[in-house]
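Notes to accompany the following structure.
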Protein chains: 2
Amino acid sequence: MPLAEPVPDLISLDLLRSVADLGSIRRAAAAHTMSQPAASMRLRSLERTLGLELLDRSSGRARLTPTGSAVVQWSEAVFTAMGTLLLGTASLRTEGRGRLRLGASLTVAEYLVPGWLEQLRTVAPDVRVSLEMGNSHQVAEWVEAGRVDVGFVEGPEDVDGLGCGVVDRDDLVLVVDPSHPWARRRRPVGARELAGTPLVMREVGSGTREVLERALAGLGLGVTPLVELGSTTAIKAAVESGHGPAILSRLAVRIDVADGRLVVVPTEDLDLERSIRAIWARGRRLGRAARTLLTGVGVALP
Amino acid sequence: MPLAEPVPDLISLDLLRSVADLGSIRRAAAAHTMSQPAASMRLRSLERTLGLELLDRSSGRARLTPTGSAVVQWSEAVFTAMGTLLLGTASLRTEGRGRLRLGASLTVAEYLVPGWLEQLRTVAPDVRVSLEMGNSHQVAEWVEAGRVDVGFVEGPEDVDGLGCGVVDRDDLVLVVDPSHPWARRRRPVGARELAGTPLVMREVGSGTREVLERALAGLGLGVTPLVELGSTTAIKAAVESGHGPAILSRLAVRIDVADGRLVVVPTEDLDLERSIRAIWARGRRLGRAARTLLTGVGVALP
DNA sequence: GAGGGGCATAAGGATACCTTATACCCTCGT
DNA sequence: ACGAGGGTATAAGGTATCCTTATGCCCCTC
C-alpha cells in the first residue's frame, strides 16, 4: 500500500542532523550550501509536517529539543538504508568500469550484494565496484570471458572449470499472512497437501517456479496456481493481503517475516534448498579487492 | 556530513513499488491518487536521478527491469526505517491521549522504544500509544502520578514503591574512529590511561558524563576534556572525523559500530554499566496492551 | 485491420522553494 | 545599563517544479 501520512523529506532530516552536529541553523545551512532563511523555512516546515517542536529557538542559538534529538536518531536508520540503496545503484551505474567487477543473479544482487559492498567499503573505501545482474548461466559466462572478476550464482550444481566457494544458502519457503489458519500451524505441510493447495505464483519460466515444479514433479505431483503475478513484490503484496499462500525465496521474505507481515509455515518431503556460490576464473589472478571481498563473505581462497 | 549525491525522494520510490505490485503505471498512479501523467513524469525523473533504466516501457504495459526490481528491494529498507520514525513521532504527538501511555528516558526513547512499538504493533495493531520523554526522576514521578502506564528508566538503582523489571542493559564504551591507533588495540585501556587522554565529551551536567566522572572519581581520577559538545550526535561526528576518542552509551553507537564508522576499544578497571528497567505502579491494574508490551520485552509479570 | 488499454507529450496554472535584504532578539562584555 | 555581534525570523520577488486536463501514439488482441 502507498505511504499514507505525509512523509518528511530526507534533505530536511539531514538538515536537522546538521543542526545537531554544528549547533546552529546558520552553520547547518552553510554546510548544505543553502541560505540561512531557506534552512530556517525547511526546518519549520519539517516541524509542521511532523506536528512536533524539534528546535528550541528561545535562546538565540537554535538547540534541539529532546524530541528533535529523537527524530535525528530515528532518521539515522533512514540514512543508512538510503546509503545502501545509493551504493547499490552506483555500482549498477558503473557498468563494468569499476576496479572490482561483480556479476550476480537478481536475487543475490537484491538481497546480499549491498551488505557485502558496505562491508567492503569499511576496509577499502576507495574501491570502485561495478555490478551486473543476470541469470546464473549469464554470470558464469561473464566470469569465463573475463567481463567480471567475481560472480555470485545460486543453484544446486557446481560450475566446472571455475573457482568456486559456497557463500550462503537459500531455500524456498512456504509463507502465509499472519491471519491465515496455517500461520499457527506447527505440523509441517506435506508435498501432497501443498500440491493440492492453490498458490500465488510467478508466471511459467521463473526460476523460483521451476525449482518448485521440479521438486514436486520428482514426487509425481504438480502445482495449482491461484493467480500468476509478474514479480516477487506483487506476490508478497498478494499474500500479505490474504489472497493465499505462496512459495518464495527465504531471502526475499526475510524482512517481511521479521516485521511480522508474513509467516513461514514448515514443510516436509520437499527439497527446496540451493547454495549461493561465488565463482571466479581459475586462470586469472584475483585482484586485491576481489580477494578481500571473497574472504569477507567466508570463501576460503586457494 | 550532509548528503552528497542527489537523493531520490520516497514518494517516487513508493510509486515504483506500486508499479511492481500493480503491474502498470496507470494503476500505481490511481493507488496514489494522482494522475497518470504525473506518475509517469515522477518515474522518469527518478530514472534520471539514479541514472538507471528502471522500467521497460517497450511492450505496452510498463514492467520493471531487473535494475528496477533491485531498487524496489533496496528501498524496502528505507520504508521500514521511515515507518519506525513515523511510529515514534506519532506516539510523541499523541501526548498522553493514547490507550497505552509510556514514559521513557531520552536514550531509551531514541534507541529502544521504536523497536518495541513495532513489535507491539504486529500483535496489537490498533493500540494508540503515547510517549513522553524525560529524565529518570521525572519518568518515575509520572508513573506514580498515573500520568503514564509504564515507564522505562536507566540507572543502577531500584525504584522503590513501584513494580520493576530489568529490560536491557546499557554500558558506556570507549570509541574511536577506524584509523585511530587504538582501533586495532587488543589490550584494554586502563582507567589511569583513560583519565590521561583528552576526550570528546558532553558538557558538565550530562548524565553520560556524570557516570564517567563518578567511575573515575572512585579511583581518585578525573576526566580530561578535549572539546565539549552539546549533543551525542555532535560527539559522534567529531570522533568519526578523527578529533579524538569519546565515551558514549553503547546503544548510542550501535549503528555506527555496525557500519564501521566507529570502533569500540576495550577498557578495564571501569564499571560503566547500568540497567534499563521497566517501572509501573503496583496499585493500578495494568491494561492488556501494557501487559503485552512488558512480556514482549522480557519482563516477568506478577 | 479495427478496437482498446496504456503511456508519452503539450499547454496552462498553481504551488513550493530559494535568494537577497532587513528587522528583531538574545547574549555577552565593558 | 548600553552597545556590539552573532543568530534567527520575516518580507518581497523571481524561478523552478509539479500537477492537471486534453490529446496523440503505440502495442497488443481479437
Side-chain angles (χ1 to χ4, degrees), chain A residues 2-3 5-50 52-65 68 203-205 228-231 234, chain B residues 2-3 6-50 52-65 67-68 203 228-231 234:
Chain A
L3 294 168
E5 324 163 54
V7 186
D9 70 303
L10 297 201
I11 294 170
S12 300
L13 290 173
D14 194 26
L15 200 56
L16 185 68
R17 177 172 62 170
S18 293
V19 174
D21 287 356
L22 305 173
S24 88
I25 294 180
R26 167 169 289 279
R27 275 198 274 270
H32 286 252
T33 56
M34 61 167 62
S35 69
Q36 171 268 320
S40 182
M41 285 187 336
R42 285 202 87 104
L43 290 166
R44 198 167 284 283
S45 146
L46 178 64
E47 288 181 305
R48 262 204 317 277
T49 305
L50 293 177
L52 295 170
E53 198 178 303
L54 306 174
L55 294 173
D56 172 18
R57 302 164 171 85
S58 69
S59 60
R61 314 178 88 83
R63 295 186 56 78
L64 266 74
T65 61
E203 70 283 6
V204 176
E228 301 188 344
L229 300 172
S231 74
Chain B
L3 295 169
V7 188
D9 71 301
L10 297 201
I11 294 170
S12 300
L13 290 174
D14 194 25
L15 201 55
L16 185 67
R17 176 172 63 169
S18 292
V19 175
D21 286 356
L22 305 174
S24 88
I25 295 181
R26 167 170 290 280
R27 276 198 275 270
H32 286 251
T33 56
M34 62 167 61
S35 69
Q36 171 268 320
S40 181
M41 287 186 333
R42 285 202 88 105
L43 290 166
R44 199 168 282 283
S45 147
L46 177 63
E47 288 181 306
R48 263 204 317 277
T49 306
L50 294 177
L52 295 171
E53 197 178 304
L54 306 175
L55 293 173
D56 172 18
R57 303 164 171 84
S58 70
S59 59
R61 314 178 86 84
R63 295 186 55 79
L64 266 74
T65 61
T67 298
E203 71 281 7
E228 301 188 343
L229 299 173
S231 74

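Note that this is a predicted model, so its numbers are computed, not measured. Atom set for the values below is all heavy atoms of this structure, side chains included, hydrogens, waters and symmetry mates excluded. In what follows, chains are A, B, ... by sequence order, proteins preceding strands, each numbered from 1.
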Taking the side chain of [X] as its heavy atoms from C-beta onward, which of [options] lies nearest to it?
{"X": "B:P37", "options": "D:dT8, C:dA10, C:dC18", "value": "C:dA10"}
{"X": "A:M41", "options": "C:dC18, D:dA9, D:dT20", "value": "C:dC18"}
{"X": "B:R26", "options": "C:dC7, D:dT20, D:dG7", "value": "C:dC7"}
{"X": "A:R27", "options": "C:dT19, C:dT9, D:dG7", "value": "D:dG7"}
{"X": "A:I25", "options": "D:dT8, C:dA8, D:dT20", "value": "D:dT8"}
{"X": "B:S35", "options": "D:dT21, D:dT8, D:dA9", "value": "D:dT21"}

What is the distance from [atom1] of [X] to [atom2] of [N], rounded to the nearest Å?
{"X": "B:L15", "N": "C:dC7", "atom1": "CG", "atom2": "P", "answer": "11 Å"}
{"X": "B:R44", "N": "D:dT17", "atom1": "CZ", "atom2": "C1'", "answer": "17 Å"}
{"X": "A:Q36", "N": "D:dA9", "atom1": "CD", "atom2": "P", "answer": "7 Å"}
{"X": "B:L46", "N": "D:dC18", "atom1": "CG", "atom2": "P", "answer": "12 Å"}
{"X": "A:R63", "N": "C:dT27", "atom1": "CZ", "atom2": "P", "answer": "13 Å"}

Quick one: is [N] close enough that its OP1 or OP2 comes under 4.0 Å of any side-chain N or O from [X]?
{"X": "B:R61", "N": "C:dG5", "result": "no"}
{"X": "A:R42", "N": "C:dA16", "result": "no"}
{"X": "A:R57", "N": "C:dC25", "result": "no"}

- request: Give a yes or no answer on whether the side chain of A:Q36 reaches the backbone of A:R26 with a donor-acceptor pair at less than 3.5 Å.
  value: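 Such a contact is absent between A:Q36 side chain and A:R26 backbone.
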
message: Within the 4.0 Å heavy-atom criterion, would you say B:S45 contacts the bases, only the backbone, or no part of the nucleic acid?
response: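 Here B:S45 touches no strand at all.
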
query: Do we see a donor-acceptor contact under 3.5 Å between the side chains of A:S24 and A:R61?
result: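 No.
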
query: Is the CZ atom of A:R63 crowded by more than 12 outside heavy atoms at less than 6.0 Å?
result: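 Atom CZ in A:R63 is not packed in, count stays at 12 or less.
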
message: For B:S12 versus B:R42, what's the shortest heavy-atom pair and its separation?
response: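 B:S12 and B:R42 have their closest heavy atoms at OG-NE, 3.3 Å.
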
